[in-house]
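Working notes, beginning with the structure itself.
Computed over heavy atoms, backbone and side chain alike; hydrogens, waters and symmetry mates excluded. Labels below follow one simple rule: chain letters A, B, ... track the order of the sequence lines, proteins then strands, and each chain is numbered from 1.
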Amino acid sequence: MSDEITFQIEQLNFYYGNTQALCDVNMTVLPREITALIGPSGCGKSTFLRCLNRMNDTITDTRISGSIVLNGQNIYAPNIDETELRRQVGLVFQRPNPFPQSIFDNVAFGPRVLGIATGNDLHELVVQSLRAAALWDEIKEDLKQPALSLSLGQQQRLCIARVLAVTPDVILMDEPCSALDPIATNQIEELIQELKEHYTIVIVTHNMQQAARVSDKTGFFWLGELIEFDETTTIFTRPSLQRTEDYVTGRFG
Amino acid sequence: MIRLSRHHTERIVFAVIGLASVATAVPIIIIVSSIFFSGAEAVSWQFLLEMPRDGMRSGGIWPAIIGTIYLVVGTGLISIPLGVASAIYLSEYAADSYWTRMIRLAIVNLAGIPSVVYGLFGLGLFVLFLDLGSSIVAACLTLSIMTIPVIISTAEEALRAVPQSFRVVSVGMGATRWQTIRRVVLPQALPGILTGVILGLNRAAGETAPILFTGAAFFLPKLPNSIFDQTMALPYHLFVISTQVPEMPITIQYGTATVLLAFVLIMNILAASVRSWQRRKREW
Ligand SMILES: Nc1ncnc2c1ncn2[C@@H]1O[C@H](COP(=O)(O)OP(=O)(O)O)[C@@H](O)[C@H]1O
Ligand SMILES: [Mg+2]
């Protein structure tokens, strides 16, 4: 039944000009699950993630085929409003990238632009989002302080709060911890576990322990193909392919 | 030949560079201070706010001041929207194609054209062909043609300086491209755009050649009534009273130069303070 599946991806191919970046990818993402994507650099993980909220549309000279169905709707169908899709499927980036504004203005940015809330409702939404991103307790005294005065880990949680403020269903994260120290990484991992209660999460990571710790399913990308996709425990204990085993045990990177 | 130690070479190079910068600064300081010094006694409220009398040999320069303000405001009204819109198009929408490269090349070259050429172009197009006559509107249009390239290139540079990641974040949250430009890109680029606008309008305020044939009057007994009237303007007035009127008291010439210089100086200070505000604001 389609309403028990968040993303149903079938025969997905993606091209930058004449270069094929994704090749016949099939994947099913279930609601309230964390799906980790692993694989060597340049194997198409980011490209795949950007297909899920059509951010690749903003890159010129690209081509896509196959289908991505979100909650029963093909997101590449002509009647789809891609701005509404992107609100629904939020994206967190590798490097924390808050706007050079106050904490409040950062989180309020999306709701203001999209007209989701104003006045007291907006304030409430900002507070809720900051709480949900586990940042509230650290900054509640001063929401007016500049976002760039926060530590990198706090900035990344602020960026997560900024995404939560537009009330998405799915959160895509592209190596969200790769710029962070181990303590900040740990905080983000805990946060991801909490977010799982309400959101479906797809996370790209280079960190095998992270994938093993946080995710329910793991997909292994290799040269643009999803060559293995299974329960995380299976991938890390008895993968069906030698290549997967070599990669997760660190025999090549 | 004597070989200098690195140390000595260093000293000599610094001395030469230092002298060069002094050599550029000194004439400017001498010119500005001598004009201000000699003009100060002529400048008074009467001088600023009264009509010229006696064939401009006494009275004030009010119509020239107000005329220059009209020209700057009019030029701003035309060139700011057009220039900023073009910059947004070039920076945010246009793909890097043959045509956009040609447009950029044209913009760079326009900035180097002598101002009298703009004047003649304005005479041909606005005054004669479009039959606007020698008028404020024709002068503003001519000055705009001269100002727009400056605004486009500085504004485009300011827009491009806004990190790409800000745009990606905004679009990634469901904002449209235009919402992203209006809510993220333009606010971040605003100081840079303002600097370009002020520099462009500053040039418009100080130039004589573009308005000579298109809207500047030698002398008018009253202020212009509409944008289709001619107007007096500070730079042209200064030219007129310095070269075209016999027995002109030198204090009036100095006074007029002082006012024009002050006008331009104030605009420059404005641009400089906007730039430092921008530097403080830009933390990325
Ligand atoms: N904007 C782009 N234009 C052209 N090629 C790209 C672009 N982005 C990525 N690629 C190419 O697509 C392939 C997959 O890249 P990417 O999805 O970033 O991999 P990963 O995130 O797994 O490191 C790489 O070969 C990369 O060079
Ligand atoms: Mg990547």
Measuring heavy-atom distances to chain B, does [X] have an atom under 4.5 Å in its side chain, in its backbone, in both, or in neither?
X        : answer
A/Arg162 : both
A/Arg112 : both
A/Asn53  : side chain

Just wondering, are more than 12 heavy atoms of other shown residues or ligands nearer than 6.0 Å to [atom1] in [X]?
X        : atom1 : result
B/Glu157 : CD    : no
A/Arg95  : CZ    : no
A/Gln145 : CD    : yes
B/Arg101 : CZ    : yes
A/Asn18  : CG    : no

Checklist outcome for this item: The single option from B/Arg182, B/Arg183, B/Met173 that satisfies side-chain contact (heavy atoms from CB on, under 4.5 Å) with A/Val113 is B/Arg183
Checklist entry - Shortest non-hydrogen contact from B/Gly172 to A/Met55? => result CA-SD, 3.6 Å
Item to check | Per-residue contact mode, B/Thr180 against chain A (heavy atom under 4.5 angstrom) | outcome: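 Neither the backbone nor the side chain of B/Thr180 comes within 4.5 Å of chain A.
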Next on the checklist: Could you work out, with side chain to side chain contact (heavy atoms under 4.5 Å, CB included) as the rule, every residue matching A/Val163, not counting sequence neighbours?
Outcome noted: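 In terms of side chain to side chain contact (heavy atoms under 4.5 Å, CB included), with neighbours along the sequence ignored, A/Val163 is linked to A/Val92, A/Pro168.
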Checklist entry - Should A/Phe109 and B/Val169 count as side-chain neighbours, where that means a heavy-atom distance under 4.5 Å? => result no
Checklist outcome for this item: dist A/Gln94:CD -> B/Ser165:OG (nearest 0.5 Å) comes out at 12.0 Å
Item to check | Top of A/Thr83, A/Asp81, A/Leu114 for chain B proximity - count of heavy-atom pairs under 4.5 angstrom | outcome: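 Sorted descending by pairs with chain B, the first entry is A/Thr83.
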Next on the checklist: List the residues meeting ring pair (Phe, Tyr, Trp, His ring centres under 6.0 Å) with A/Phe104, not counting sequence neighbours, and say none if there are none.
Outcome noted: A/His123
